Amino acid sequence: MTTQTINNKTFTPRFQELKKTRDTEWAGILENAKWAHFILHDTFDARFYGIYLIETYHYVMHNPKHQALVGAHMKEKVFKYIKFCFEHAEEETGHEMMALHDLLSLGLAKDSFRMPDPHPDTEVFIAYLYWISTNGNSLQRLGYSFWAEDSYQYIRALMDRVQTTLNLQKSQMTFLVSHATIDEKHAEEIDEMINEFCKTADDWQAVEKVLKTSLALQSKMLDSVLEEYLNLKNGGESRYHFLNSLVGA
């Protein structure tokens with residue numbers, strides 16, 4: 001495999017291998033994950049989307065915090081990467097409010113409910129991201145950003161199905177639609193950081209491990225979203241009971 005030039009930037013063969021790994025991991029999830037199959041082939045109502053937005057609100061809230069911790073914990077004086085960590089943290093601040101906006105747009109009044117605590121699987125996902133941001137190879141969190149900032153190419157069909165099934169306006173999908181536009185720039189920056197600063201076998205292995213692990217943890221969180229929705233739909237006791245107002249239950 002030879003180097004590849006994109007937008008006047010040369011990307012190494014190892015970077016191209018990492019992109020193939022990302023493609024493979026996403027393909028496996030889209031083929032096998034319960035939540036992905038459910039979105040494409042089953043029926044659902046606004047409560048499913050609501051639970052997704054609640055859990056997204058929780059984990060996205062922490063993204064700028066653990067991103068900044070990478071820069072704060074770096075022992076190496078790689079100033080360009082440290083600066084990137086803090087600037088990226090600043091740019092990610094407040095993105096959870098898009099998820100909250102979309103949740104309220106479904107018909108909820110802001111003062112009509114208390115935001116439930118995150119699901120345990122969401123907590124595990126959040127905790128893992130804090131762990132890899134403060135321990136181990138200082139580049140490894142890039143593995144999370146590598147898929148998170150460039151996920152829309154993989155989930156476009158799922159987004160379209162949600163929008164069509166629930167008859168949503170784009171203004172009710174700001175996290176998924178508007179956020180995608182913001183992330184285009186971020187994705188390019190992540191690519192550059194990985195390509196420029198990953199030098200050793202340990203660097204590449206650490207980034208790849210976090211790519212695989214964090215993506216799997218997010219998929220597990222989404223399976224839990226599905227489980228919670230089915231429980232709510234079937235009348236079970238649920239922390240998301242207030243979402244029943246969206247369907248007049």
Side-chain angles (χ1 to χ4, degrees), residues 19-60 98-108 116 118-125 144 146-181 183 187 211-249:
K19 288 185 68 175
K20 286 188 174 181
T21 298
R22 183 177 66 187
D23 291 344
T24 300
E25 294 299 307
W26 265 116
I29 286 174
L30 295 175
E31 181 177 355
N32 299 309
K34 295 177 182 177
W35 64 269
H37 186 275
F38 179 80
I39 291 173
L40 289 176
H41 301 291
D42 286 272
T43 58
F44 50 90
D45 57 52
R47 292 174 293 183
F48 177 62
Y49 185 47
I51 296 172
Y52 160 76
L53 290 170
I54 289 167
E55 298 307 318
T56 297
Y57 171 88
H58 282 301
Y59 88 80
V60 170
M98 295 184 194
L100 179 59
H101 165 275
D102 295 343
L103 179 65
L104 296 176
S105 78
L106 298 177
L108 295 171
H119 188 280
D121 285 337
T122 305
E123 291 182 327
V124 171
F125 183 33
Y144 164 57
F146 188 56
W147 70 259
E149 302 285 9
D150 202 14
S151 60
Y152 304 97
Q153 61 175 307
Y154 303 101
I155 63 172
R156 177 61 61 186
L158 302 177
M159 291 167 56
D160 291 344
R161 182 86 202 293
V162 170
Q163 182 175 10
T164 300
T165 300
L166 301 181
N167 193 28
L168 297 173
Q169 303 298 314
K170 287 187 177 180
S171 61
Q172 296 175 290
M173 302 182 72
T174 60
F175 183 81
L176 289 171
V177 177
S178 299
H179 197 223
T181 302
D183 282 350
L211 159 64
K212 292 179 177 179
T213 306
S214 59
L215 185 52
L217 287 173
Q218 198 225 26
S219 185
K220 189 173 189 302
M221 182 197 84
L222 294 175
D223 273 342
S224 297
V225 167
L226 172 57
E227 292 172 5
E228 292 290 345
Y229 167 67
L230 294 176
N231 172 64
L232 184 63
K233 184 179 179 182
N234 291 329
E237 184 176 346
S238 173
R239 71 180 76 197
Y240 313 100
H241 62 88
F242 59 91
L243 294 175
N244 284 331
S245 66
L246 299 178
V247 292

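None of these values were measured; they are calculated from a predicted model. If you read the sequence from its start, that first residue is 1, and numbering goes on from there.
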Visitor: Identify the residue among Phe125, Tyr144, Tyr52 that makes a ring-ring contact (aromatic ring centres under 6.0 Å, His included) with Tyr59.
Guide: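 Only one of Phe125, Tyr144, Tyr52 forms a ring-ring contact (aromatic ring centres under 6.0 Å, His included) with Tyr59, namely Phe125.
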Visitor: Which heavy-atom pair separates Thr174 from Met98 by the least distance, and what is that distance?
Guide: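 Smallest heavy-atom distance, with atoms named: OG1-O, 3.4 Å.
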Visitor: I'd like to check the ring pair (Phe, Tyr, Trp, His ring centres under 6.0 Å) partners of Phe146; sequence neighbours left out, ordered by chain and number.
Guide: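 Here the qualifying residues are Phe15.
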Visitor: So, using side-chain hydrogen bond (donor to acceptor under 3.5 Å, both in side chains) as the criterion, who are the partners of Trp26 when residues are at least two apart?
Guide: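 With neighbours one apart ignored, the set is empty.
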Visitor: When you measure from the side chain of Arg47 to the backbone N and O of Asn244, does any donor-acceptor pair fall under 3.5 Å?
Guide: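 Looks like no, no N/O pair under 3.5 Å.
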Visitor: Any idea which heavy atoms bring Ile39 and Phe44 closest together, and the distance?
Guide: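 Smallest heavy-atom distance, with atoms named: O-CE2, 3.7 Å.
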Visitor: Starting at CG of Leu246, measure out to CG of Asp45 and round the result to the nearest 0.5 Å.
Guide: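 Interatomic distance, Leu246 CG to Asp45 CG, rounded to 0.5 Å: 8.0 Å.
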Visitor: At what distance, to the nearest 0.5 angstrom, does OG1 of Thr56 lie from CG of Leu100?
Guide: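 Reported to 0.5 Å precision, the distance equals 12.0 Å.
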Visitor: Just jot down the side-chain hydrogen bond (donor to acceptor under 3.5 Å, both in side chains) partners of Thr213, sequence neighbours excluded, or say none.
Guide: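 Checked Thr213 against side-chain hydrogen bond (donor to acceptor under 3.5 Å, both in side chains); zero matches.
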Visitor: Tyr154: what forms a side-chain hydrogen bond (donor to acceptor under 3.5 Å, both in side chains) with it, not counting sequence neighbours?
Guide: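 Tyr154 satisfies side-chain hydrogen bond (donor to acceptor under 3.5 Å, both in side chains) with Arg22, Asp23 once adjacent residues are dropped.
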Visitor: Taking Ser105 for its side chain and Asp102 for its backbone only, find out whether a donor-acceptor pair lies under 3.5 Å.
Guide: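 Such a contact is found between Ser105 side chain and Asp102 backbone.
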Visitor: Which donor-acceptor pairs under 3.5 Å do the side chains of residues 230-242 make with protein atoms, sequence neighbours left out?
Guide:
unit_1	atom_1	unit_2	atom_2	d
Asn231	ND2	Glu237	O	3.0
Asn234	ND2	Leu230	O	3.0
Ser238	OG	Tyr240	N	3.0
Arg239	NH1	Asp117	O	3.0
Arg239	NH1	Pro118	O	3.2
Tyr240	OH	Glu55	OE2	2.7

Visitor: With rounding to the nearest 0.5 Å, note down the distance linking CG in Leu226 to CH2 in Trp35.
Guide: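 Nearest 0.5 Å value for the CG-CH2 distance: 10.5 Å.
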Visitor: Do you know which two heavy atoms are closest between Asp223 and Ala33, and how far apart they sit?
Guide: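 It is OD1-C, 4.3 Å.
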Visitor: Can you see whether Tyr49 engages Gln172 through a side-chain donor-acceptor pair at a distance of less than 3.5 angstrom?
Guide: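 Side chains of Tyr49 and Gln172: no pair found under 3.5 Å.
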Visitor: State, with a plain yes or no, whether a side-chain heavy atom of Tyr152 is found less than 4.5 Å away from one of Ile155.
Guide: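 Side chain of Tyr152 against side chain of Ile155, heavy atoms only: contact under 4.5 Å found.
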Visitor: Taking ring pair (Phe, Tyr, Trp, His ring centres under 6.0 Å) as the definition, give me every residue that meets it alongside His37, ordered by chain and number, with sequence neighbours left out.
Guide: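 His37 satisfies ring pair (Phe, Tyr, Trp, His ring centres under 6.0 Å) with His41 once adjacent residues are dropped.
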Visitor: Using a cut-off of 6.0 Å, state whether more than 12 heavy atoms not belonging to Gln169 lie near its atom CD.
Guide: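 Counting neighbours around CD of Gln169, 12 or fewer heavy atoms of other residues, nucleotides or ligands fall under 6.0 Å, so no.
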Visitor: Is the shortest side-chain heavy-atom distance between Leu158 and Leu30 below 4.5 Å?
Guide: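 In short, these two side chains touch, coming nearer than 4.5 Å.
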Visitor: If only atom types and distance count, is the side chain of His58 paired as donor or acceptor with the main-chain N or O of Pro116 below 3.5 Å?
Guide: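 Yes.
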Visitor: Which heavy atom of Lys170 sits nearest a heavy atom of Val177, and at what distance?
Guide: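 Minimum heavy-atom contact is CD-CG1, 4.5 Å.
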Visitor: Quick one: CG on Leu104 to CG on Leu53, what's the gap to the nearest 0.5 Å?
Guide: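 Leu104 atom CG to Leu53 atom CG measures 9.5 Å (nearest 0.5 Å).
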Visitor: Minimum heavy-atom separation for Ala148 to Ser151, with atom names?
Guide: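 Where Ala148 meets Ser151 most closely, the heavy atoms are O-OG, 3.6 Å.
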Visitor: Before giving the answer on salt bridge (Lys or Arg N to Asp or Glu O under 4.0 Å), spell out for Asp121 and Lys220 the whole-Å C-alpha distance, their side-chain angles and the decisive distance to 0.1 Å.
Guide: CA-CA 7 Å; Asp121 285 337; Lys220 189 173 189 302; 3.0 Å; yes
Visitor: Taking Thr24 for the side chain and Lys20 for the main chain, is one N or O donor matched with an acceptor at less than 3.5 Å?
Guide: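 Between the backbone of Lys20 and the side chain of Thr24 there is a qualifying donor-acceptor contact (under 3.5 Å).
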Visitor: As an exercise, state the distance from CD of Glu227 to CD1 of Ile51, rounded to the nearest 0.5 Å.
Guide: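 Answer for the CD-CD1 pair, Glu227 versus Ile51, is 11.0 Å.
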Visitor: What verdict does the side-chain contact (heavy atoms from CB on, under 4.5 Å) test give for Ile54 and Val225, after you've listed the backbone C-alpha separation in whole Å, the side-chain angles of each residue and the deciding distance to 0.1 Å?
Guide: CA-CA 9 Å; Ile54 289 167; Val225 167; over 6 Å; no
Visitor: In Å and rounded to the nearest 0.5 Å, what is the CG to OG distance from Leu217 to Ser219?
Guide: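 The CG atom of Leu217 sits 9.5 Å away from the OG atom of Ser219.
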